[in-house]
Amino acid sequence: MTANELRRKYIDFFVSKNHVEISGQSLIPENDPTVLFTTAGMHPLVPYILGEPHPAGQRLVNYQKCIRTGDIEDVGDSSHLTFFEMLGNWSLGDYFKEDAIRMSYEFLTSSRWLGISPDKLSVTVFAGDDGVPRDDASAEVWRSLGIPDSRIYFLPRKDNWWGPAGATGPCGPDSEMFIDTGIPGTSASRPGVSDGKYMEVWNDVFMQYNKQADGSYLPLSRTCVDTGMGIERTIAILQGRTSVYETEVFQPIIARIEELTGARYGQDEQTDHSIRIISDHVRTASFILGDERGVAPSNVGQGYILRRLIRRAVRHGRKLGISREFLFDPAHVVIDMYQEPHPCLRENRDRVLEEMRAEELRFWTTLQKGEHEFEKLLPNLLRNPERVIPGRLAFRLYDTFGFPLEITEELASEHGLTVDREGFETAFRKHQETSKLDSNQTFKGGLADHSEMTTRLHTATHLLHKALRMVLGDHVAQKGSNITQERLRFDFAHHDKMSDEELQRVEAIVNEQIDRDLPVSFATMTLEEARDSGAIALFGNKYDEVVKVYSIGDFSKEVCGGPHVEHTTQLGRFRIVKEQSSSQGVRRIKAVLEN
Ligand code: SER
């Protein structure tokens with residue numbers, strides 16, 4: 001079964017069950033600053049799950065484009081994707097567990113629809129915990145359909161609970177459906193263990209609660225059903241493939257990359273890894289550029305993710321021997337393949353291709369300048385008997401020309417040289433130290449001196465930043481910081497004036513962390529590693545830059561040059577003295593520490 005067939009069958013099935021087909025929405029969430037992209041089918045429907053009447057009724061069906069960039073670094077293996085399509089059927093206060101499960105079972109097993117043998121089906125249901133009881137009702141429905149107890153697994157919250165995409169929102173227990181792929185498992189194999197034996201195809205979520213900012217759960221005004229079936233993964237399973245990249249949604253993209261590079265997919269793991277990265281990233285980048293609310297590459301927000309995807313794909317194209325812009329070529333294939341189900345790609349074809357090409361050209365220019373510089377240095381480097389490129393030289397290429405360290409390493413190895421990575425990091429840190437005053441003042445505002453008081457206020461600024469994100473949402477990004485002996489001043493992205501209640505909550509959260517006497521520590525890592533570890537980072541840095549990440553206990557993690565106190569009780573009492581507008585869309589807080 002192809003992706004197009006699956007999409008059509010799913011919609012037809014649910015229309016036959018009195019659902020109305022609605023369109024999927026933009027990848028860029030509307031009025032939701034808690035996430036950069038639409039991460040699941042339920043995302044655009046959140047207001048309706050929370051009680052707003054939907055104009056199309058209470059039974060809906062759709063397919064939704066989704067992007068998850070949390071594990072962007074894992075892309076390249078045989079299963080991770082940054083973009084996927086999700087099929088979903090929705091009950092907005094209409095049916096609940098029983099009908100949802102019965103319809104899922106029928107669609108999966110009936111010969112009119114997917115025709116999967118019921119013997120291959122295992123399911124999971126929520127095991128219950130202190131807050132919510134075990135979901136016996138769902139298990140009973142599965143039993144009544146003939147699924148034996150041996151294939152009904154009760155699993156804890158981490159497996160069988162769907163939480164909100166942001167910090168707050170609708171949630172509830174879920175029941176997931178797994179297909180036995182037939183590969184031999186081990187005694188540890190079970191649904192939810194990713195060893196390839198049981199593959200999840202579908203998730204029925206029973207929305208019952210609305211998670212509040214303080215972590216409590218309020219019952220929803222009406223129960224809802226949100227289900228999600230990932231198209232790429234499901235067709236791979238139905239086609240008996242071990243990887244999504246072996247299905248017809250990736251094969252034409254891969255074939256085009258093979259033609260362009262002369263590389264062959266399926267012969268060597270390194271090459272496959274690069275081909276998969278290019279295929280995934282060009283698909284995702286095409287969808288971002290071609291979106292209804294299309295975004296251009298930039299250094300902030302969605303534009304930064306787009307830039308990162310394109311540049312990473314270019315780097316892997318380069319590994320396969322490409323030396324000029326090329327991504328727009330497989331982008332044609334993506335657009336041709338998806339323009340039927342996603343007409344915005346057809347409408348925005350020119351923009352996708354032009355922007356993709358322009359961004360590639362910008363990156364190639366950066367790379368060429370760096371290479372030119374490298375060649376000038378080469379004769380001297382080759383005379384070095386140790387055949388090591390000093391770290392400070394690699395740093396200069398990086399700092400002055402934006403030339404990624406890993407490409408310096410590649411070029412070095414072509415000439416039998418290596419790069420002193422440690423030296424690079426030392427040069428980097430030294431540069432950070434010497435330019436700290438400057439950069440803090442020009443880029444972030446920041447510390448004017450390193451006195452005890454400013455250091456304390458600096459640590460308080462990190463606590464404030466995190467507390468603001470908890471109270472207002474993840475859109476709160478630092479826009480400026482200025483610290484004197486007397487006070488901290490913190491500018492951040494947020495549209496509305498903060499209410500007294502919000503200010504009090506922020507103050508209370510900060511003081512609570514101070515009372516917990518959290519230790520403050522730091523580690524150095526690349527910016528990518530920092531982001532992957534969940535650290536807050538400004539978007540101004542380069543992606544492979546080595547940065548310092550300061551952690552305040554388990555509460556805050558932020559890319560920062562320091563300095564900071566060692567323990568939060570050194571701070572005293574935190575008090576906000578003023579909240580005001582700083583510029584369009586930017587608020588300013590002034591706060592002090594009192595003993
Ligand atoms: N929200 C659930 C998921 O994304 C079901 O749609 O898996």
Side-chain angles (χ1 to χ4, degrees), residues 6-7 10-11 13-14 19 21-25 27 29 32 34-50 54 58-71 79-92 94-97 99-101 103-105 107-108 123-126 132 135 138 155-179 191-192 194 198-211 217 220 223-237 244:
L6 175 62
R7 212 185 280 109
Y10 191 97
I11 303 286
F13 174 78
F14 282 100
H19 289 62
E21 182 182 356
I22 56 166
S23 308
Q25 298 294 309
L27 278 167
D32 185 348
T34 60
V35 284
L36 286 178
F37 292 105
T38 298
T39 54
M42 55 85 74
H43 201 153
L45 289 161
V46 166
Y48 308 104
I49 296 173
L50 291 177
H54 193 287
Q58 289 179 277
R59 289 184 173 218
L60 311 173
V61 59
N62 69 352
Y63 53 93
Q64 174 63 49
K65 25 185 199 174
C66 302
I67 289 185
R68 291 184 190 171
T69 52
D71 36 32
S79 63
H80 279 89
L81 297 175
T82 51
F83 171 89
F84 63 98
E85 287 183 275
M86 195 172 252
L87 293 158
N89 55 287
W90 312 89
S91 158
L92 303 173
D94 191 284
Y95 57 84
F96 202 44
K97 294 179 181 177
D99 288 340
I101 291 175
M103 286 188 280
S104 292
Y105 182 81
F107 182 67
L108 288 176
V123 298
T124 61
V125 292
F126 182 51
V132 181
D135 189 2
S138 293
L155 297 181
R157 197 173 276 257
K158 79 173 179 31
D159 296 280
N160 277 77
W161 186 270
W162 177 262
T168 58
C171 52
D174 64 38
S175 183
E176 301 181 7
M177 289 147 264
F178 290 79
I179 305 297
S194 356
Y198 295 99
M199 300 292 279
E200 185 199 336
V201 283
W202 206 350
N203 184 8
D204 286 359
V205 185
F206 310 117
M207 294 290 187
Q208 279 172 275
Y209 305 98
N210 185 4
K211 186 174 176 200
Y217 293 91
L220 289 176
T223 53
C224 294
V225 174
D226 146 26
T227 88
M229 176 186 270
I231 290 190
E232 292 79 354
R233 195 194 310 180
T234 303
I235 56 163
I237 296 166
V244 287

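Source: prediction; values computed, not measured. When a ligand or atom number is given, it counts from 1 through the structure's own listing order.
In this pair, Phe107 and Phe13 present their aromatic rings tilted. The plane angle is within the 30 to 60° band.
Taking the centre of each ring, His19 and Tyr95 come in below the 6.0 Å mark.
Considering CD of Glu21 and OH of Tyr10, their distance stands at 11.5 Å, rounded to 0.5 Å.
For residues 200-210, no pair satisfies salt bridge (Lys or Arg N to Asp or Glu O under 4.0 Å), with sequence neighbours left out.
Listed by chain and number, the residues in a ring pair (Phe, Tyr, Trp, His ring centres under 6.0 Å) with Tyr105 amount to none (sequence neighbours excluded). For Asp226, there are no side chain to side chain donor-acceptor pair (under 3.5 Å) partners, not counting sequence neighbours.
Near ligand 1, Ala40, Met42, Arg68, Met86, Trp162, Asn203, Val205, Asp226, Thr227, Gly228 each place a heavy atom less than 4.0 angstrom from the ligand.
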